[in-house]
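Throughout, a chain's letter reflects where its sequence line sits, starting with A, and its residues are numbered from 1.
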2 protein chains.
Amino acid sequence: MPSEKAQPEIVLVRPQMGENIGAAARAMWNFGLDRMRIVEPRDGWPNSRAVAMSSGAGRLLDEAQLFGDLPGALADRTYVFATTARPREMTKPVFSPERAMQLAAEKVAAGEKVAVLFGPERAGLENEDIARANAIITVPVNPEYASLNLGQCVLLVAYEWMRQTGDVVHLSDDPGPKGDWATGLEIEKLAEHYEERLTEAGFFFPETKAEGMKQNLRNLWSRMSMTRADVQMLHGIMRQMVRWKDRG
Amino acid sequence: MPSEKAQPEIVLVRPQMGENIGAAARAMWNFGLDRMRIVEPRDGWPNSRAVAMSSGAGRLLDEAQLFGDLPGALADRTYVFATTARPREMTKPVFSPERAMQLAAEKVAAGEKVAVLFGPERAGLENEDIARANAIITVPVNPEYASLNLGQCVLLVAYEWMRQTGDVVHLSDDPGPKGDWATGLEIEKLAEHYEERLTEAGFFFPETKAEGMKQNLRNLWSRMSMTRADVQMLHGIMRQMVRWKDRG
């Protein structure tokens, strides 16, 4: 059974390869979307390749609704987004996935029935398909290189749906002091220095816990966001302890 | 040559399948990232399967830097993010991709050398790898279903880099009046009604332009975000025009 949560329907229009239908199902369910509609799939329906690719998200394919044409798939929808690789010469609003899913979330919350259309792998949606949409979604890709496949495009839209509606926690960070940050190599040398001396000192005891203790120490170093001065100071501390020991 | 723009290095740690390295290169370049480091690839380097999968982003593979171990790959880095499928029991800050790339953008702008680590396909990064990172990135997926592959994980991080640093335009929309929105079926019936009568009326002329004119009209209907009352009014207008003509 589909989840209770109101959400947009994801409509795959004339998808070609079953693998991509399966990949779309997985992309959707990663971000909590589980209502798929399929319009005129090239290789018929059900499709065993779609099922093979859908590992764990096969329920979405079992519950997907099949339609013979796009008007049928949109008959109960009140607001439709069409995804295109680049803005077409259409007089419709063009949204980023972020803005589109913000709007979708508002509309769904207000009881509207929303759909997002994705075109066939090779050519994308026809102008005739887009003519049935209220707005366009275009992913802001590198102008020199746009090569998102169907599954990736569904993934980004589903991810934005999650971002706009889910409980994403942004943990605060502790970026440490401003300044001359230590490099990975410097941290590594510090860790080695401490590991060597502490091994000599018999710190990593008992043997069975030694690896875990070393790892905890490395975690500590890399978590500290140290400046070069911090690293030098820590080297100095260790050197001083060794000198102290040597003096007896 | 890599692009001039300062950016994080994407570090693939012990990647297994060449196809996934190629997919990661494509994912990166879609969002303007073009600096890849590869640590101990399972099948050696260069890898023909990676090249075959990288269509159009092959330059990233040619220019990728190969390392024999992770400390080597991080030697010049000052801040390192590690991606994990779920938060590990590590005492490090855990960020969403969004927050992580905000922080990365700030750090890169301040001249820091940032890296983002991605683990092998099957098991992800080892705790020993994560111990060398300053912070963790975890994609907020559906708690019931987490199945992002390597290429998808790189894609989402690269997408967030673009969002935090690119010039993404959020076009404003015109959501129309609040109220009882027309469904797709109602819009479709309105479009058909107008098309039929306007065809009888000889509106779609000349024949060579008829299809384009019909499409423009459909674009107009779907762009209008009409309420049911709007649709009824438009039906009424057309019926009235026909009655008027019939009266002669």
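For the pair A:Gln7 and A:Val108, the minimum side-chain heavy-atom distance is 4.5 Å or more.
For the set B:Ala135, B:Ser147, B:Ala191, the count of heavy-atom pairs under 4.5 angstrom toward chain A peaks at B:Ser147. Listed options A:Ala75, A:Ser55, A:Ala73 were ranked by heavy-atom pairs under 4.5 angstrom with chain B; first place goes to A:Ala75. Most heavy-atom pairs under 4.5 Å with chain B, from the set A:Asn149, A:Leu156, A:Leu33, A:Leu74: that is A:Leu156. Considering only heavy-atom pairs separated by less than 4.5 Å from chain A, the leading option among B:Pro143, B:Gly151, B:Ala133, B:Gly32 is B:Ala133.
Every side-chain contact (heavy atoms from CB on, under 4.5 Å) that B:Leu217 has, sequence neighbours left out, goes to B:Tyr194, B:Leu198, B:Phe204, B:Leu220, B:Trp221.
The only member of B:Thr84, B:Leu117, B:Thr83 that meets side-chain contact (heavy atoms from CB on, under 4.5 Å) when paired with B:Ile136 is B:Thr84.
A salt bridge links B:Arg132 and A:Glu188; the closest N-O separation between the charged side-chain nitrogens and carboxylate oxygens is under 4.0 Å. Between B:Glu160 and B:Arg163 there is a salt bridge, since a side-chain N of the basic residue sits under 4.0 Å from a carboxylate O of the acidic one. Note on B:Glu128 versus A:Arg218: no salt bridge recorded, every NZ/NE/NH1/NH2 to OD/OE distance being 4.0 Å or above.
In this structure, the portions of B:Gln152 lying under 4.5 Å from any heavy atom of chain A include both its backbone and its side chain. Residue B:Glu192 does not touch chain A at all, counting heavy-atom pairs closer than 4.5 Å. When heavy atoms are compared at a cutoff of 4.5 Å, B:Asp76 approaches chain A solely by way of its backbone atoms N, CA, C and O. With a threshold of 4.5 angstrom between heavy atoms, B:Tyr145 approaches chain A through its backbone and through its side chain. At a 4.5 Å heavy-atom cutoff, the contact between B:Ala57 and chain A is made by backbone and side-chain atoms alike. Only the side chain of A:Val139 comes within contact range of chain B, with heavy atoms under 4.5 Å apart.
Among residues at least two apart or in separate chains, there is no salt bridge (charged side-chain N to carboxylate O under 4.0 Å, His left out) pair with a member in residues 138-151 of chain A.
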